Engineer: 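This is the structure I have questions about; it appears just below.
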Amino acid sequence: MTSLVQHITVDCADAYKLAGFWATVLGSSVSDDDEPGDPEALVETPGAALLFITVPETKSTKNRIHLDLRPEGRTRDEEVERLLALGATLVGDHRRPDGRGWVTLADPEGNEFCVELGAPERAALTGARPPVTADDVALAVRLAVDTLVRSPADDWRVPAGTLEWDCWETVEHLSDDLFAYAVQLGGRTPPRDREVPYRYAAQREGGPRNSVFANPEAGIPGLLQTLETSGALLTAMVRTTPSHVRSHHVFGLSDPEGFAAMGVVETLVHTHDVAAGLSLAWSPPQDLCDRVLARLFPDAPDDEDRWAVLLWSTGRAGLPGRDRVTSWRWHGAPL
């Protein structure tokens with residue numbers, strides 16, 4: 001047995017006000033239990049919560065402990081400008097001519113913190129492969145749901161593109177994929193030789209074998225809620241599972257990043273299938289496609305249109321000058 005960090009606690013003059021600043025910085029919110037004037041205010045974040053406590057003493061010296069922030073979805077410099085606009089102040093600029101370095105800021109009560117390079121920037125500087133992250137899973141699922149919810153169709157029992165499943169079944173299958181990848185990472189000792197033994201079954205001959213099925217009485221909004229929720233489960237597991245963890249996949253052992261990339265690919269290509277069946281436009285971000293291609297299909301062609309390459313790699317489209325893929329599998333093992 002061991003100890004876990006429950007809170008990172010910050011003494012301050014106005015707990016609720018400072019918690020509001022940090023909630024905006026971290027894309028979170030102040031606890032519903034807290035109100036202006038309360039002596040304490042809580043901000044939940046992945047890993048550990050920030051607890052702000054009002055104290056009579058003023059800050060008198062440099063913090064002995066500070067937070068280092070890594071931007072997600074923005075560059076370091078874009079994040080610095082955003083935080084300055086929110087009320088942070090510049091303490092020290094340690095950016096280097098070669099692009100490395102960090103910026104030290106202070107929150108509205110003078111507590112120092114640093115903004116470092118995000119993972120894609122760091123990878124670009126070192127020549128490393130940009131990683132696939134929990135935020136990529138969240139982005140893929142959000143874009144998928146936002147696209148599918150726009151369909152005016154009432155009947156989702158039409159074929160999903162070239163699949164043998166209909167659109168409803170395909171969204172159920174996608175929800176099940178995301179759920180299945182999440183639970184592979186969920187145990188104290190994830191299984192390395194088998195799937196977590198949930199019961200899988202098809203509801204009709206030729207239909208997908210799932211553990212997750214949407215209640216038909218909930219309609220299309222309920223179906224999409226199962227997709228969004230399963231995506232949130234995988235996002236949380238990828239974000240909180242140590243990178244050294246390995247778990248079973250039918251194509252071999254994989255790590256949290258591998259399961260994240262699998263979830264993204266499943267989301268992108270099955271949304272393509274469903275969008276085709278519902279006559280919706282669907283074109284995911286090129287950089288997201290590039291990251292999952294580099295992780296799961298390292299030998300994929302380097303054509304500029306990365307979405308077209310991902311469709312080709314998964315047997316859904318052709319590429320000029322290349323044979324159509326009729327059988328495929330990804331490289332799930334850690335790179």
Side-chain angles (χ1 to χ4, degrees), residues 1-2 4 46 129 131-134 136-138 140-141 144 160 163-165 168-215 223 226-271 273 291-300 310 313-315 325-335:
M1 305 298 290
T2 185
L4 300 175
R129 172 183 59 82
V132 182
T133 68
D136 288 330
V137 179
V141 173
L163 300 183
E164 296 179 355
W165 305 331
W168 181 284
E169 290 175 325
T170 303
V171 174
E172 282 186 325
H173 168 75
L174 173 55
S175 299
D176 186 80
D177 280 338
L178 299 174
F179 169 83
Y181 296 154
V183 300
Q184 285 302 118
L185 297 172
R188 286 181 294 176
T189 306
R192 299 171 67 94
D193 59 348
R194 57 178 172 78
E195 295 175 342
V196 176
Y198 286 90
R199 178 176 176 270
Y200 290 86
Q203 290 193 319
R204 67 169 180 86
E205 185 176 353
R209 295 179 66 252
N210 298 346
S211 288
V212 173
F213 294 96
N215 184 348
L223 175 67
T226 67
L227 173 56
E228 194 168 45
T229 303
S230 290
L233 288 173
L234 180 57
T235 298
M237 291 311 307
V238 171
R239 195 183 304 280
T240 57
T241 302
S243 60
H244 68 266
V245 169
R246 302 290 183 265
S247 187
H248 172 81
H249 183 271
V250 65
F251 292 163
L253 285 176
S254 196
D255 59 353
E257 189 204 9
F259 283 106
M262 295 177 209
V264 171
V265 170
E266 297 278 10
T267 301
L268 300 187
V269 300
H270 282 313
T271 301
D273 299 329
R291 287 194 292 279
V292 295
L293 281 166
R295 176 60 180 81
L296 296 180
F297 302 94
D299 298 324
L310 183 57
S313 298
T314 55
V325 172
T326 57
S327 178
W328 61 274
R329 60 185 291 168
W330 50 44
H331 179 90
L335 294 178

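Keep in mind the model is a prediction, meaning the values are calculated, not measured.
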Engineer: Check each of Val171, Thr170, Leu227, Leu174 against Thr271 using the side chain to side chain contact (heavy atoms under 4.5 Å, CB included) test, and report the only one that passes.
Structural biologist: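 By the side chain to side chain contact (heavy atoms under 4.5 Å, CB included) criterion, Thr271 pairs with just one of Val171, Thr170, Leu227, Leu174: Leu174.
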Engineer: Verify side chain to side chain contact (heavy atoms under 4.5 Å, CB included) between Leu233 and Leu178, making sure each step is shown before the conclusion.
Structural biologist: CA-CA 8 Å; Leu233 288 173; Leu178 299 174; over 6 Å; no
Engineer: For His270 and Asp273, which I'm curious about, is there any donor-acceptor pair between the side chains at under 3.5 Å?
Structural biologist: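 Yes, Asp273 and His270 have a side-chain donor paired with an acceptor closer than 3.5 Å.
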Engineer: Working to the nearest 0.5 Å, report the span between CZ of Phe213 and NE2 of His173.
Structural biologist: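 That separation rounds to 11.0 Å.
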Engineer: Looking at every heavy atom in both Val238 and Pro256, which two are closest together, and how far apart are they?
Structural biologist: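 Result for this residue pair: CG2-O, 3.8 Å.
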Engineer: Looking only at non-hydrogen atoms, find the nearest pair between Gly207 and Ala202 and report the distance.
Structural biologist: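 Scanning both residues completely, I find the closest heavy atoms to be O-CB, 3.5 Å.
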Engineer: Does any part of the side chain of Pro208, heavy atoms only, come nearer than 4.5 Å to the side chain of Asp176, both counted from C-beta?
Structural biologist: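 Asp176 vs Pro208: side chains apart.
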Engineer: Which pair of heavy atoms, one from Trp330 and one from Trp328, lies closest together, and at what distance?
Structural biologist: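 Scanning both residues completely, I find the closest heavy atoms to be CE3-CZ3, 3.8 Å.
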Engineer: Find out whether Glu172 and Thr226 are in side-chain contact, i.e. whether some heavy atom of one side chain is under 4.5 Å from a heavy atom of the other.
Structural biologist: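 Side-chain contact under 4.5 Å: no.
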Engineer: A side-chain contact here means heavy atoms from C-beta on lying under 4.5 Å apart; do Phe259 and Val137 qualify?
Structural biologist: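 Heavy-atom side-chain distance check fails, nothing below 4.5 Å.
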Engineer: Counting only heavy atoms not in Arg199 (residues, nucleotides, ligands), do more than 12 fall under 6.0 Å from its CZ?
Structural biologist: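 Open.
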Engineer: Counting C-beta onward and ignoring hydrogens, is there a side-chain heavy-atom pair between Val265 and Thr314 closer than 4.5 Å?
Structural biologist: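 Answer yes - side chains close enough.
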Engineer: Taking atom CZ of Phe251 as the centre, does the number of heavy atoms from other residues, nucleotides or ligands within less than 6.0 Å exceed 12?
Structural biologist: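 Buried by this count: over 12 neighbours within 6.0 Å.
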Engineer: Looking at side-chain heavy atoms only, is the closest gap between Val325 and Ser313 below 4.5 Å?
Structural biologist: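 The answer is no, as the side chains (C-beta and beyond) never meet within the 4.5 Å cut-off.
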Engineer: So, do Arg204 and Trp165 sit near enough that their side-chain heavy atoms are less than 4.5 Å apart?
Structural biologist: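 A side-chain contact under 4.5 Å exists here.
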Engineer: So how far is it from Leu253 CG to Asp193 CG, rounded to the nearest 0.5 Å?
Structural biologist: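 The CG atom of Asp193 is 9.0 Å from CG of Leu253, to the nearest 0.5 Å.
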Engineer: Please report the shortest heavy-atom distance between Pro191 and Val196, naming the atom on each side.
Structural biologist: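 Smallest heavy-atom distance, with atoms named: CG-CG2, 3.9 Å.
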Engineer: Filter on side chain to side chain donor-acceptor pair (under 3.5 Å), then keep only pairs touching residues 245-265, sequence neighbours left out; what's left?
Structural biologist: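 Sorted pair list: Arg129-Glu257, Gln184-Ser247, Asp255-Arg295, Glu257-Arg295.
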Engineer: Please name the pair of heavy atoms, one in Gly263 and one in Leu234, separated by the smallest distance, quoted to 0.1 Å.
Structural biologist: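 Looks like CA-CD2, 3.9 Å.
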Engineer: Of the non-hydrogen atoms in Leu296 and Gly258, which two are nearest, and what is the gap between them?
Structural biologist: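 That closest heavy-atom pairing would be CD2-O, 4.3 Å.
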Engineer: Just so I know, are the side chains of Tyr181 and Phe179 near enough to count as touching, which here means a heavy-atom distance under 4.5 Å?
Structural biologist: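 In short, these two side chains do not touch, never coming nearer than 4.5 Å.
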Engineer: Is there a side-chain contact between Leu185 and Pro190, using heavy atoms and a 4.5 Å cut-off?
Structural biologist: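 With C-beta onward as the side chain, the pair stays apart.
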Engineer: State the OG1-CZ distance between Thr133 and Arg291, to the nearest 0.5 angstrom.
Structural biologist: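 That separation rounds to 6.5 Å.
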